[in-house]
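These figures come from a predicted structure and were not determined experimentally.
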Amino acid sequence: MKVLKIAAVICALAVAASLCGCDIMDGDSSLSSRVDSSLQSSDGALESIFDLSEPMDDILSEESSEMSEVEEDLSSHSELSLPSEPEEEFSSEASAAMSTDFNEIGALDGTSNGWGPGVNRSEDGRPIAPVTFQEKYGKYAVDFIRPEKGVIYLTFDEGYENGYTPKILDVLKEKEVPAVFFVTLSYAKNNPELIQRMIDEGHIVGNHSATHPDMTSLSLQEAHDDVKKLHDYMLENFNYKMTLFRFPMGCYSERTLALLESMGYRSIFWSFAYKDWETDNQPDPTAAYSKITDFAHDGAIYLLHAVSSTNTNILGNVIDNFREQGYVLEAYPNK
């Protein structure tokens, strides 16, 4: 009996060793295969929360029946306890950012809204609509206008390259002005040198979606996947983590604002824009210069399209005028 008992303990040790090695690693592989590939990311700020305890418990429960005969003997060998769950791989900050509760977000208002700041201004010179909407939706990490006094932020939308971005970057470098470039997936794929130059010269590359859809026309899952596709591409190909998002065409809803916030993004609208995107119908440079500079205001977020020859030609003078008016052009708060 004593020999048999010793043999039982040896067998138990072998089972425990097996569990501590191959079986648990196999459990990790099973876990990976269960995660929806559309929700996986190398960026911790956008991954779904991984519930490591559930698959680990499944594995242990399956093995526990096989070990029932030697359970009593194993209880005296505390050093053979199974490894704890690898919770240290995920920081609490990352876990919070990865959480996307579609049920909770889906309960919010999904009414589609189109954005335009209008031209009406208050006595302090700030446009009324952006201030109003900032108060209404600011809780969702969104900017229609910034609070900083005496500061202007330049942002450029890049749906495709029209040959002007290199000159725009030249002017920004000469004037020592940082900007945000909101790009699509096709732009990033077709213009890797320009993307790298933006990064190297200290600009922010923002997420303008992968396919430039009306985000309010998509399901939450579809909208999530579209944003994440570009996010992952930039992370994998440029080692660059995007944190700022601009809704294509300015179409948004309370629901999509909450979705982007849950994904770790700040949504950036604008407090000034004008009709500059029609490449075959460009605005007169003199008129455009006056329109842009006359609307300068505290916390201004300027949207300019980089496909515009007019914008490219007057950019240097516009920057000089802003500074003459006493404004500072700063890097956008990247959070």
*Under 3.5 Å, is there a donor-acceptor pair between the side chain of N207 and the main chain of L244?*
no
*Partners of T312 by side-chain hydrogen bond (donor to acceptor under 3.5 Å, both in side chains), sequence neighbours excluded?*
none
*Looking at F156 and A179, what are the two nearest heavy atoms and their distance?*
CE1-CB, 3.9 Å
*Got a donor-acceptor contact below 3.5 angstrom from the E158 side chain to the F181 backbone?*
no
_Partner of F269 under ring-ring contact (aromatic ring centres under 6.0 Å, His included), chosen from F247, Y302, F133_ = F247
*asked:* Is any side-chain heavy atom of F272 closer than 4.5 Å to one of P127?
replied: no
_Interatomic distance, T211 atom OG1 to D226 atom CG [nearest 0.5 angstrom]_ = 3.5 Å
*When you look at R323 and L329, which way does the side-chain contact (heavy atoms from CB on, under 4.5 Å) test go after all the steps?*
CA-CA 8 Å; R323 287 172 167 163; L329 293 98; 4.0 Å; yes
*Answer yes or no: is there a side-chain heavy-atom contact under 4.5 Å between Y274 and P283?*
yes
*Determine, using the 4.5 Å side-chain heavy-atom cutoff (strictly less than), whether F102 and Y265 are members of one ILVMFWY cluster.*
yes
*Mind checking the CD-NE2 spacing from E236 to H231? Nearest 0.5 Å is all I need.*
9.5 Å
*List for me each residue that meets salt bridge (Lys or Arg N to Asp or Glu O under 4.0 Å) alongside R246, sequence neighbours excluded, and say none if there are none.*
D157
*Grab the two heavy atoms, one from H203 and one from L172, that are nearest each other, plus how far apart they are.*
CE1-CD1, 3.7 Å
*Would you check if there is a donor-acceptor pair between the side chains of N317 and Y289 at a distance under 3.5 Å?*
no
*4.5 Å side-chain heavy-atom contact, I168 and L304*: no
*Y332 side chain vs I204 backbone, donor-acceptor pair below 3.5 Å*: no
*Could you pull out the closest heavy-atom pair between I199 and M234, with the gap in Å?*
CD1-CE, 4.4 Å
*Test side-chain contact (heavy atoms from CB on, under 4.5 Å) on V183 and M242 and set out the steps.*
CA-CA 11 Å; V183 306; M242 290 177 145; 4.0 Å; yes
*Out of curiosity, Y137 OH to L257 CG, how far, rounded to the nearest 0.5 Å?*
7.0 Å
*Are V171 and V307 in one and the same hydrophobic cluster, where Ile, Leu, Val, Met, Phe, Trp and Tyr link if side-chain heavy atoms are under 4.5 Å apart?*
no
*What distance separates H212 NE2 from Y160 OH, expressed to the nearest 0.5 Å?*
11.0 Å
*Run the numbers on L194 and L169 for side-chain contact (heavy atoms from CB on, under 4.5 Å), then give the verdict.*
CA-CA 9 Å; L194 289 176; L169 288 169; 4.2 Å; yes
*Does R197 reach the side chain of P166, with side-chain heavy atoms less than 4.5 Å apart?*
yes
*Say whether Y187 and H208, considering side chains only, have a donor N or O and an acceptor N or O under 3.5 Å apart.*
no
*asked:* So which atom in D109 and which in T111 form the shortest heavy-atom distance, rounded to 0.1 Å?
replied: OD1-OG1, 2.7 Å
*Taking only residues two or more places apart in sequence, or in another chain, which ones meet Q134 in a side chain to side chain contact (heavy atoms under 4.5 Å, CB included)?*
D143, F144, I145
_R126 (side chain) donor-acceptor with D298 (main chain) under 3.5 angstrom_ = yes
*same_hphob_cluster(W277, V318) at 4.5 Å side-chain heavy-atom cutoff*: no
_Hydrophobic cluster membership, M198 vs Y240, 4.5 Å side-chain cutoff_ = yes
*Please answer: with hydrophobic residues joined when any side-chain heavy atoms are less than 4.5 Å apart, are V142 and V131 in the same cluster?*
no
*At their closest point, which heavy atom of P248 faces which heavy atom of M215, and how far apart are they?*
CD-CG, 3.9 Å
*Side chains of Q282 and S308: does their closest heavy-atom pair fall under 4.5 Å?*
yes
*Quick one: CE on M249 to OG on S209, what's the gap to the nearest 0.5 Å?*
8.0 Å
*Answer yes or no: are there more than 12 heavy-atom neighbours, outside E104 itself, under 6.0 Å from its atom CD?*
no
_Check: L218 and P213 side chains under 4.5 Å, non-hydrogen atoms_ = yes
*Any chance you could lay out the side-chain contact (heavy atoms from CB on, under 4.5 Å) test for Y153 and V151, step after step, and finish with the verdict?*
CA-CA 7 Å; Y153 302 99; V151 179; 3.4 Å; yes
*Looking at side-chain heavy atoms only, is the closest gap between W270 and T155 below 4.5 Å?*
no
*Closest approach of S271 and A300, non-hydrogen atoms and distance?*
OG-CA, 3.4 Å
_Treating W115 as the side-chain partner and P130 as the backbone partner, does any N or O pair qualify as donor plus acceptor under 3.5 Å?_
no
*Evaluate whether atom CG of D200 has more than 12 neighbouring non-hydrogen atoms of other residues, nucleotides or ligands under 6.0 angstrom away.*
yes
_Donor-acceptor pair, distance only, cut-off 3.5 Å: does the side chain of D276 make one with the backbone of H305?_
yes
_When you measure from the side chain of T216 to the backbone of S253, do you find a donor-acceptor pair of N or O atoms at a distance under 3.5 Å?_
no
_OG1-CG distance between T184 and L230, expressed to the nearest 0.5 angstrom_ = 7.5 Å
*Is there a side-chain contact between N321 and I292, using heavy atoms and a 4.5 Å cut-off?*
no
*Does a salt bridge link K291 with D284, judged by any charged N lying under 4.0 Å from a carboxylate O?*
no
